[in-house]
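Atoms within each ligand, like the ligands themselves, are counted from 1 in listed order.
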Amino acid sequence: MKALAIQGSPRNIRSTTRRLVSLVLEAMEGEGVETEIIDLCEFRIIPCTACDGCSLTGRCVFEDDFPSVARRVADADIIILASPVYIDNVTGQMKVFFDRLADAIHYQTFSGKTGCSVVTTHTSGGDEVISYLNHVLNYLGVMTVGGLIIATGGDTSAVETVREQAISLGKRLVAAAQLGYHDPRQEADMEANRNFFRDIVLENRDLRPDDYYRWVRMGWIRDADK
Ligand SMILES: Cc1cc2nc3c(=O)[nH]c(=O)nc-3n(C[C@H](O)[C@H](O)[C@H](O)COP(=O)(O)O)c2cc1C
């Protein structure tokens, strides 16, 4: 089993968020899970220009590092989104990455994985950002098992005060990925999303037959929809 943390702070190894998500990953390694962190600031990801190219072909018109990150997301069973709060939101690096996921969201490419979110902040915005990150995971078809926030007040050693919560989150993630996890509210939201995106998959059926037939196999498109 593989877990991937996507880390949005530009502070890289000095990042408090990276330290916090590393605790969650360590707990998972203790359960035999292979883990990896992607520091988005190390990757060149060009912002989406809404050209619609990906919708027609499944590939972005830009040649950058996004496909290599997307491949690692595809390979992972567990996805953790980790971001500091920057002006009440995720970092720019994280948002640019999210916009490039629009096609994966429409076609539910990463559906069926398990995830959670991790956030650090000085004081404010933690609850809102964790909700947003888990909402993005649900958009992707990833079932979430919660999250972890710390408001450090500027004392980065405060991360240690939530070590036990980080370990418990890591173990909860592994159990959910191994045994399955049900949450009727998230399941209903994800079904509503698929109903919304179904028209895009139907419309592009001839251009993207592999995606279309994956939706048929998943039972998300019925014969009557054709
Ligand atoms: C550009 C910028 C914007 C920030 N905005 C907020 C904010 O809106 N609210 C807050 O409480 N802290 C804010 N912070 C503080 C960070 O959220 C906090 O220091 C966080 O733990 C940094 O994590 P990192 O070391 O992983 O980058 C901001 C920091 C920066 C650099």
Do the side chains of [X] and [Y] get close enough for a salt bridge, i.e. N-O under 4.0 angstrom?
X: Arg185; Y: Asp189; result: yes
X: Asp77; Y: Lys113; result: no
X: Arg72; Y: Asp75; result: no
X: Arg194; Y: Glu191; result: no
X: Asp103; Y: Arg208; result: yes

So if I count the atoms of ligand 1 from 1 in the order they appear, which ones are less than 4.0 Å from some heavy atom of [X]?
X: Ser9; value: 24 (P), 26 (O), 27 (O)
X: Thr17; value: 23 (O), 24 (P), 26 (O)
X: Ser15; value: 24 (P), 25 (O), 26 (O)
X: Thr123; value: 10 (C), 11 (O)

Flag if over 12 foreign heavy atoms under 6.0 Å of [atom1], [X]:
X: Phe66; atom1: CZ; result: yes
X: Arg11; atom1: CZ; result: yes
X: Ile13; atom1: CD1; result: no

For ligand 1, which is the ligand I care about here, please tell me if [X] has any N or O atom under 3.5 Å from one of the ligand's N or O atoms.
X: Thr152; result: no
X: Pro10; result: no
X: Pro84; result: no
X: Thr120; result: yes
X: Arg11; result: yes

Do me a favour and list the nearest non-hydrogen protein atom to [atom] with residue, atom name and distance?
atom: atom 5 (N) of ligand 1; result: Ile87 N, 2.8 Å
atom: atom 10 (C) of ligand 1; result: Thr121 OG1, 3.1 Å
atom: atom 18 (C) of ligand 1; result: His122 N, 3.6 Å
atom: atom 17 (O) of ligand 1; result: Val85 O, 2.6 Å
atom: atom 8 (O) of ligand 1; result: Asp88 N, 3.1 Å

> Within the side chain of Glu26, is there an N or O that forms a donor-acceptor pair under 3.5 Å with the backbone of Met28?
Replying inline: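 A pair under 3.5 Å: no.
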> Would Ser124 count as a contact of ligand 1 if the rule is a heavy atom under 4.0 Å away?
Replying inline: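 Ser124 counts as a contact of ligand 1 under the 4.0 Å cut-off.
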>> Distance alone, cut at 3.5 Å: any donor-acceptor contact between the side chains of Thr16 and Thr120?
In response: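 The criterion, which ignores hydrogens and geometry beyond distance, is not satisfied for Thr120 and Thr16.
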